[in-house]
S.K.: 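This is the structure I have questions about; it appears just below.
What you see is a predicted model; the values in this text were computed from it and never measured.
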Amino acid sequence: MQAIMVSEPGGPEVLRVGETDIPRPDRGEVLVRVLAAGVGPWDADLRRGGWSGRWPYIPGAEFAGLVEGHSGDEAGFHDGEPVYGYPSLTGCYAQYVTCPAERLAPIPAGLAHTDAAAVPVDGLTAEQGLADVLGAGAGDHVLITAAAGGMGHLAVQIARALGATVAATASPQHHEFVHKGGAAVVVDHNRPDWPDLIRKETGGGAGKVLAIAAPTLAGAARAARDGALIATPVRQAAYPDADRVRWRPYNGQPRGSDLIRMAPWFDDGLLDVDIARRYYWQDAAAAHREIEKGHTRGKLVLIVDEDLAATMEL
């Protein structure tokens, strides 16, 4: 099969097309023919030097595709079934990938197959932060920072689907987009006083916060009321105002069961993924250059399947 491979750390130019064997699924794994792969900042971080495994490696943590053969029969996934998943932090920029069955889920009817590739990593991290760490639900006022990005725009919609009222931060050009996602209040996180604006709008500060981007952590703490719970996927040695607010760092877990839990929201129109741009997968370097600019609205996707790519303007 063909795959995008990285043989050395470096810039986007180290992403090169190569030939490798189709992976053989181990027990409990499913072989999938990849239609599309999501692109995220984690892919660029590994490529620049974060990868510590064997070289060369195939980037890509999330995908959408079709089950190949009978490898998924024991787990209830059948030949040709559209599925999506988060097998690990690598392996998805390829024509085929293997995925542990418990990290896989059927693509919801309300989600386009290629767009589904952009959901697993950010969707799971957002859903788990809101539902499992914060316990967000009806009656809660939740602050979500960096709300126009890949994880942020999904988090706004998920918080609304859970019944919470959402305040959010984003750059001014994205305010309308974030409001359409369901945020009642959106403030400009480029303003030094944005935490004060949130405290005013939320009657003294947010009680539950999902702080998504490192530059917003200090502001998120200032915008939170005393004793507030702040969930973040950002890892660092120390967190601001830890004597006044409760920080809960966490990592998104690759659970197919949580993708299944989100399926009704896609089917009912409560949740959708915004695709900023789709690239032919052999143009992965261009996608990485775009993701490294930062401030991407929504998500980027690589179209891997040749026949599918031929029908799209990429």
S.K.: With a 3.5 Å cut-off and no angle check, do the side chains of Thr165 and Asp140 form a donor-acceptor pair?
M.R.: no
S.K.: Please determine, by modelled atom types, if His153 and Arg297 share a side-chain donor-acceptor pair under 3.5 angstrom.
M.R.: no
S.K.: Val32 vs Glu68, test: side-chain contact (heavy atoms from CB on, under 4.5 Å). Steps then yes/no.
M.R.: CA-CA 5 Å; Val32 179; Glu68 184 76 9; over 6 Å; no
S.K.: Between Gln128 and Asp258, is any side-chain donor less than 3.5 angstrom from a side-chain acceptor?
M.R.: yes
S.K.: Shortest non-hydrogen contact from Val234 to Ala211?
M.R.: CG2-O, 4.4 Å
S.K.: I'd like to know if Asp241 pairs up with Arg244 as an ion pair, taking the criterion as any Lys NZ or Arg NE/NH1/NH2 lying under 4.0 Å from an Asp or Glu carboxylate oxygen.
M.R.: yes
S.K.: Using side-chain heavy atoms (C-beta onward) and a distance below 4.5 Å, is Leu134 in contact with Leu210?
M.R.: yes
S.K.: With hydrophobic residues grouped by side-chain heavy-atom distances under 4.5 Å, do Leu300 and Tyr86 end up in a single group?
M.R.: yes
S.K.: Hey, is Arg222 close enough to Asp193 for a salt bridge, meaning N to O under 4.0 Å?
M.R.: no
S.K.: Output, in order, the C-alpha distance, side-chain angles, deciding distance and verdict of side-chain hydrogen bond (donor to acceptor under 3.5 Å, both in side chains) for Thr169 and Asp188.
M.R.: CA-CA 6 Å; Thr169 76; Asp188 178 6; over 6 Å; no
S.K.: Looking at Arg47 and Gly10, would you say the former's side chain and the latter's main chain have a donor-acceptor pair under 3.5 Å?
M.R.: yes
S.K.: Would you compute the distance between atom CZ of Arg103 and atom CZ of Arg255 and round it to the nearest 0.5 angstrom?
M.R.: 11.0 Å
S.K.: With a 4.5 Å cut-off on side-chain heavy-atom distances among I, L, V, M, F, W and Y, is there a chain of contacts connecting Ile158 to Ile275?
M.R.: yes
S.K.: Using a 4.5 Å cut-off on heavy atoms from C-beta on, say whether the side chain of Pro106 contacts that of Pro82.
M.R.: no
S.K.: Please examine the side chains of Val39 and Leu302, heavy atoms only from C-beta on, and report whether any two atoms are closer than 4.5 Å.
M.R.: yes
S.K.: Whether Glu127 and Arg261 form a salt bridge (side-chain N of Lys/Arg under 4.0 Å from carboxylate O of Asp/Glu) is what I want to check.
M.R.: yes
S.K.: Using a 3.5 Å distance criterion without hydrogens, assess whether the side chain of Arg199 forms a donor-acceptor pair with backbone atoms of Gly203.
M.R.: no
S.K.: Can you find a pair of side-chain heavy atoms, one from Phe63 and one from Cys99, that are under 4.5 Å apart?
M.R.: yes
S.K.: Quick check: do Val166 and His141 have side-chain heavy atoms less than 4.5 Å from each other?
M.R.: no
S.K.: Do Val6 and Glu8 pass the side-chain contact (heavy atoms from CB on, under 4.5 Å) test, and can you show the C-alpha distance, the side-chain angles, and the key distance before you say yes or no?
M.R.: CA-CA 6 Å; Val6 178; Glu8 59 184 339; 5.9 Å; no
S.K.: Taking Thr90 for its side chain and Gly60 for its backbone only, find out whether a donor-acceptor pair lies under 3.5 Å.
M.R.: no
S.K.: Examine distances only and state if a side-chain atom of Lys208 and a backbone atom of Gly135 form a donor-acceptor pair shorter than 3.5 Å.
M.R.: yes
S.K.: With a 6.0 Å cut-off on ring centres, are Tyr279 and Trp281 close enough?
M.R.: no
S.K.: Keeping the roles fixed (side chain from Thr296, backbone from Ile291), state whether a donor-acceptor pair exists under 3.5 Å.
M.R.: no
S.K.: I need the minimum non-hydrogen distance between Tyr93 and Ala37, along with the two atoms involved.
M.R.: CD1-CB, 4.0 Å
S.K.: Are any non-hydrogen side-chain atoms of Leu259 and Leu124 less than 4.5 angstrom apart?
M.R.: yes
S.K.: Give a yes or no on whether the backbone of Leu31 and the side-chain of Ser71 come within a donor-acceptor separation of less than 3.5 Å.
M.R.: yes
S.K.: With a 4.5 Å limit on heavy-atom distance, are the side chains of Gln157 and Leu270 in contact?
M.R.: no
S.K.: Ignoring hydrogens and angles, tell me if any N or O in the side chain of Arg246 forms a donor-acceptor pair with the backbone of Gly227 under 3.5 Å.
M.R.: yes
S.K.: For the pair Glu29 and Arg24, find out whether any cationic side-chain nitrogen is under 4.0 Å from an anionic carboxylate oxygen.
M.R.: no
S.K.: Looking at Lys299 and Asp115, does any basic side-chain N land under 4.0 Å from a carboxylate oxygen?
M.R.: no
S.K.: Step by step, would you call Val83 with Val30 a side-chain contact (heavy atoms from CB on, under 4.5 Å)?
M.R.: CA-CA 10 Å; Val83 292; Val30 180; over 6 Å; no
S.K.: Is it true that a side-chain atom of Gln2 and a backbone atom of Glu19 form a donor plus acceptor pair closer than 3.5 Å?
M.R.: no
S.K.: Going through the distances and angles, do Leu15 and His288 end up as a side-chain contact (heavy atoms from CB on, under 4.5 Å)?
M.R.: CA-CA 9 Å; Leu15 296 161; His288 273 228; 3.5 Å; yes
S.K.: Regarding Glu306 and Tyr280, do their side chains bring together a donor and an acceptor under 3.5 Å, going by distance alone?
M.R.: yes
S.K.: So, the side chain of Tyr57 versus the backbone of Arg54: is there a donor-acceptor pair under 3.5 Å, distance only?
M.R.: no
S.K.: Mind listing the closest non-hydrogen atom pair of Trp247 and Leu217 along with its distance?
M.R.: CH2-O, 3.6 Å
S.K.: Please say whether more than 12 non-hydrogen atoms of neighbouring residues, nucleotides or ligands are located less than 6.0 Å from CD in Gln236.
M.R.: yes
S.K.: Quick one: do the Asp132 and Tyr250 side chains pair a donor with an acceptor below 3.5 Å?
M.R.: no
S.K.: Given Arg33, which of Val97, Val304, Leu66 fulfils the side-chain contact (heavy atoms from CB on, under 4.5 Å) condition?
M.R.: Leu66
S.K.: Side-chain heavy atoms nearer than 4.5 Å, only ILVMFWY residues, links allowed to pass through others: does that put Met1 and Leu35 together?
M.R.: yes
S.K.: Whether the side chain of Glu201 engages the backbone of Ile198 through a donor-acceptor N/O pair (distance < 3.5 Å, no angle test) should be reported.
M.R.: no
S.K.: Taking Glu292 first and then Arg289, would you say they form a salt bridge - that is, a charged N and a carboxylate O separated by under 4.0 Å?
M.R.: no
S.K.: Trp42 versus Glu62: any side-chain heavy-atom pair under 4.5 Å?
M.R.: yes
S.K.: If you compare all heavy atoms of Ser171 against all heavy atoms of Asn190, which two are closest, and at what distance to 0.1 Å?
M.R.: OG-ND2, 3.3 Å
S.K.: If you group Ile, Leu, Val, Met, Phe, Trp and Tyr by side-chain heavy-atom gaps below 4.5 Å, do Val156 and Leu197 land in one group?
M.R.: no
